[in-house]
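Just below is one structure, and these are the notes that go with it.
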Protein chains: 2
Amino acid sequence: MFGYLAVAMLSKKTQYALKALSYLAEHYSEGPVLIADIAAHKQIPLKFLESILLNLKHHEILESKKGKGGGYFLKQAPKKISVAKAIRAVEGPIALLPCVSLNFYEKCSDCDEKTCGVNKVMALTRDATLAVLEKKTLADLMDRH
Amino acid sequence: MFGYLAVAMLSKKTQYALKALSYLAEHYSEGPVLIADIAAHKQIPLKFLESILLNLKHHEILESKKGKGGGYFLKQAPKKISVAKAIRAVEGPIALLPCVSLNFYEKCSDCDEKTCGVNKVMALTRDATLAVLEKKTLADLMDRH
DNA sequence: ATATTAGTCTACCAAATAAGTAGACTTAAA
DNA sequence: TTTAAGTCTACTTATTTGGTAGACTAATAT
């Protein structure tokens, strides 16, 4: 009667992106890493990963080099890139509602934000969530072996 | 090139649910409230709202009464029902990934949670988010007029 | 030069989910 | 026994998700 099929709030695409960034963080300062290398180690469909990495490049998180010896690499040191920035690049807003989103704000069609209780609770939630995601960086995403 | 169309992490359905619960909280102890009344005041499609409220009843958040003088009402006082419980009833998990969900946990297929950095960051995020959503109640969702 | 390597881009597709609708059915009150 | 109101099943339709195919561009090595 109440059957849920394991929904997550982050899409598969964002999960793949975070896994890939984690891998690139681990191999930072080793030069360009092949897409195929990331795909193999993190079990991500190759062509899908290509589009994800390209998108991260467009968002100034990654850089790339073509041809032999090429590949992808972080534009800045892992500690300089927040998890919030990475999620926003792939997923879009982090807030639970557009009317409390800092980076993707949109006014509610039918309620007054000054009096809306839902808005107030969601704004507090956003603050709590962002306190973590803005502070944590790609360095924190790295695996501890 | 980077066109987002105002995505929110909570579905329309959950937004409607929270609005409806907010309305029912405001009219708590006034007896049953008509679905049509809620729909009209909160601008929610009637038939869609019907199914949402029924679902909330199945999750023991609402009660109902049929026939004349009937309608929906909160099963407990607004202060007794957390926003987290309401969201879980409609949306499912609150955590960003299944592998850090308390109520809808699912193991990652391809990573070891003991070493996975992504898991660690998402667990911290979940804690921060839940600290708010478990503490806040339907009473906090009410509009302040 | 030119073959090879590797990222870039456009276009497409199928499955799943979200959002909403229709209409018959049940129960309670007047 | 009529009317009011929630319940339930079964759709439909639009959008998003999670991919794939294949041509194209740029850099390097020979």
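Note that the coordinates shown come from a computational prediction; the quantities given were computed from them, not determined experimentally. Below, chains carry the letters A, B, ... as their sequence lines are ordered, and counting in each starts from 1.
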### Query
Looking for any heavy atom pair under 4.0 Å, which part of the strands does B/Leu34 touch: base, sugar-phosphate only, or nothing?
sugar-phosphate

### Query
Should the pair A/Asp143-B/Lys120 be classified as a salt bridge under the 4.0 Å nitrogen-to-oxygen rule?
no

### Query
Checking all strands, does B/Leu53 fall into the base, sugar-phosphate, or nothing category for heavy-atom contacts under 4.0 angstrom?
nothing

### Message
Without decimals, in angstroms, what is the distance between A/Lys57 NZ and D/dT25 C1'?
### Response
11 Å

### Message
Between A/Thr125 and B/Thr129, do the side chains contain a donor N or O and an acceptor N or O under 3.5 Å apart?
### Response
no

#### Entry: Salt bridge flag under 4.0 Å for residues A/Lys75 and A/Glu60
yes

### Task
Calculate the interatomic distance between B/Lys68 atom NZ and C/dT27 atom P; express it in whole Å.
21 Å

### Query
Does B/Tyr16 have a side-chain nitrogen or oxygen under 4.0 Å from the phosphate oxygens OP1 or OP2 of C/dA19?
no

### Query
Nearest-Å distance, CG (B/Leu49) to P (C/dA22)?
16 Å

### Query
With the threshold set at 4.0 Å, does a side-chain nitrogen-carboxylate oxygen contact exist between B/Arg144 and B/Glu26?
no

### Query
Between atom CE in A/Met9 and atom P in D/dT17, what is the gap in whole Å?
13 Å

### Query
Looking at the side chain of A/Phe48, which of D/dG18, C/dT27, D/dT25 is the nearest nucleotide?
D/dG18

### Message
Under the criterion side-chain contact (heavy atoms from CB on, under 4.5 Å), I'd like the reasoning laid out for A/Lys65 against A/Phe73: C-alpha separation, chi angles, the key distance, then a yes or no.
### Response
CA-CA 9 Å; A/Lys65 191 161 174 282; A/Phe73 49 98; 4.3 Å; yes

### Message
Between C1' on D/dT9 and CG on B/Asn55, what's the gap in Å once rounded to a whole number?
### Response
15 Å

### Task
To the nearest Å, give me how far apart CD (B/Gln43) and P (C/dA19) are.
17 Å

### Query
Has the side chain of A/Lys47 got a donor or acceptor that lies under 3.5 Å from a partner of the other kind on the base of D/dG18?
no

### Summary
The residue, A/Lys65 or A/Pro45, whose nearest nucleotide of DNA chain D is more 5′ is A/Pro45

### Task
Ignoring backbone atoms, establish whether B/His58 has a side-chain N or O less than 4.0 Å from OP1 or OP2 of D/dG6.
no

### Whole-Å distance separating the NZ atom of A/Lys66 from the P atom of C/dT4
19 Å

### Task
Take atom NZ of A/Lys12 and atom P of C/dT17, then tell me their distance rounded to the nearest Å.
12 Å

